[in-house]
Amino acid sequence: MPSWTPDWTAVPDGLAAFLAERHLATLTTLRPDGRPHVVPVGVGIDVERGCAWVITFPGARKALNVQASPGGPVAACHVDGARWVTLEGTATATTEPTEVARAVERYAARYRQPKERPDRVALRIDVTRVLHSARL
């Protein structure tokens, strides 16, 4: 299984193309008791800031997990047949308006403009390693 340590100035072409396509992902966070919590999400890729974003709301288990352990480990896995990408890293949660706006912008670029939500929470994933299928 190939892996890539992020150098956001030189994303391999196949990987960049896959991450620009509309693929839902699963996000794995850890509950306070250490058990994994896995849910489907959209992941916005932010090459300029070298991170990925997930948008959510305050009561979501994924947001609660990240808030309980800021900088804790997470993984976002995209699958499309035999092609797949897993983004590994650490996550922090924010409600800071400019950061939330950035997360919404990156989500909208890959999926669609989400409905307005004044209490939105953005999860920033600082990607430390990318695993991917050999087809990328």
Side-chain angles (χ1 to χ4, degrees):
M1 135 185 38
S3 68
W4 177 70
T5 303
D7 171 5
W8 296 102
T9 61
V11 180
D13 291 341
L15 183 58
F18 185 89
L19 292 174
E21 297 168 3
R22 185 186 188 280
H23 297 289
L24 291 178
T26 57
L27 177 69
T28 303
T29 60
L30 298 178
R31 292 181 169 103
D33 66 5
R35 291 180 301 132
H37 174 70
V38 183
V39 293
V41 295
V43 178
I45 306 301
D46 194 336
V47 172
E48 292 170 354
R49 294 192 184 175
C51 68
W53 296 96
V54 172
I55 55 176
T56 189
F57 58 94
R61 172 49 48 200
K62 59 187 164 285
L64 296 172
N65 290 345
V66 171
Q67 290 166 336
S69 182
V74 297
C77 184
H78 305 75
V79 178
D80 180 31
R83 300 182 315 148
W84 59 270
V85 172
T86 298
L87 308 175
E88 295 181 344
T90 59
T92 53
T94 182
T95 56
E96 197 281 315
T98 59
E99 294 293 287
V100 171
R102 179 66 178 192
V104 168
E105 174 188 292
R106 299 316 311 146
Y107 176 92
R110 191 169 186 197
Y111 303 99
R112 61 174 167 71
Q113 185 66 37
K115 293 179 183 176
E116 288 294 321
R117 186 167 184 137
D119 63 343
R120 193 173 314 275
V121 174
L123 305 180
R124 179 185 170 126
I125 302 171
D126 289 306
V127 180
T128 55
R129 185 167 72 149
V130 179
L131 305 172
H132 59 88
S133 60
R135 292 184 176 215
L136 298 177

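- Side chains of S69 and L30 form no contact here, defined as non-hydrogen atoms less than 4.5 Å apart.
- Here H37 contributes atom NE2 and N65 contributes atom CG; the two are 6.0 Å apart, rounded to the nearest 0.5 Å.
- The closest donor-acceptor contact from the side chain of R124 to the backbone of A91 lies at 3.5 Å or more, if one exists at all.
- Between the side chain of R22 and the main chain of Y111, no donor-acceptor pair closer than 3.5 Å is present.
- Criterion: ILVMFWY side-chain heavy atoms under 4.5 Å apart, direct or through other members. Under it, L64 and L123 are not part of a common hydrophobic cluster.
- Using a 4.5 Å heavy-atom cutoff, the side chains of T128 and D126 are not in contact.
- Atom-to-atom distance recorded for E88:CD and R129:CZ is 4.0 Å, nearest 0.5 angstrom.
- A pairwise comparison of heavy atoms in Q67 and A93 identifies CG-CB, 3.7 Å as the closest pair.
- Linking Ile, Leu, Val, Met, Phe, Trp and Tyr residues whenever their side-chain heavy atoms come within less than 4.5 Å places L19 and V43 in a single cluster.
- Under the 30°/60° scheme for interplanar angles, the aromatic rings of H78 and F18 are found to stand perpendicular.
- The hydrophobic clustering, which links ILVMFWY residues whose side-chain heavy atoms are closer than 4.5 Å, places F57 and V100 apart.
- Here the NE2 atom belonging to H132 is positioned 8.0 Å from the CH2 atom belonging to W84, to the nearest 0.5 angstrom.
- Atom CD of E116 has 12 or fewer heavy atoms from other residues, nucleotides or ligands within 6.0 Å.
- In this structure, the side chains of P36 and T28 come closer than 4.5 Å at one or more pairs of heavy atoms.
- Considering all non-hydrogen atoms of both residues, C77 and T86 come closest at SG-OG1, 3.3 Å.
- Put simply, CZ on R31 and NZ on K62 are 12.0 Å apart, with the number rounded to the nearest 0.5 Å.
- Look at E48 and R102 and you find a salt bridge, because one of the NZ, NE, NH1 or NH2 atoms lies within 4.0 Å of a carboxylate O, short of that distance.
- Partner of V66 under the side chain to side chain contact (heavy atoms under 4.5 Å, CB included) criterion, chosen from T29, I125, T90, L27: T29.
- Around the CG atom of D13, the shell of radius 6.0 Å holds no more than 12 heavy atoms that belong to other residues, nucleotides or ligands.
- Salt bridge status for E99 with R49: present, with a side-chain N to carboxylate O gap under 4.0 Å.
- Salt bridge R35/D33: present, at least one basic N to carboxylate O contact under 4.0 Å.
- Residues L136 and P12 are not in side-chain contact: their nearest non-hydrogen atoms beyond the backbone lie 4.5 Å or more apart.
- The side-chain heavy atoms of V85 and L87, taken from C-beta on, include a pair separated by under 4.5 Å.
- L15 CG to S133 OG: the interatomic distance, rounded to the nearest 0.5 Å, is 9.5 Å.
- Side-chain atoms of V39 and R61, non-hydrogen and from C-beta on, never get closer than 4.5 Å to each other.
- Under the 4.5 Å side-chain heavy-atom criterion for Ile, Leu, Val, Met, Phe, Trp and Tyr, V38 and V74 are members of distinct hydrophobic clusters.
- A pairwise comparison of heavy atoms in A20 and R110 identifies O-CG, 4.1 Å as the closest pair.
- For the residue pair Y107 and G42, the shortest heavy atom distance occurs at CE1-CA, 3.9 Å.
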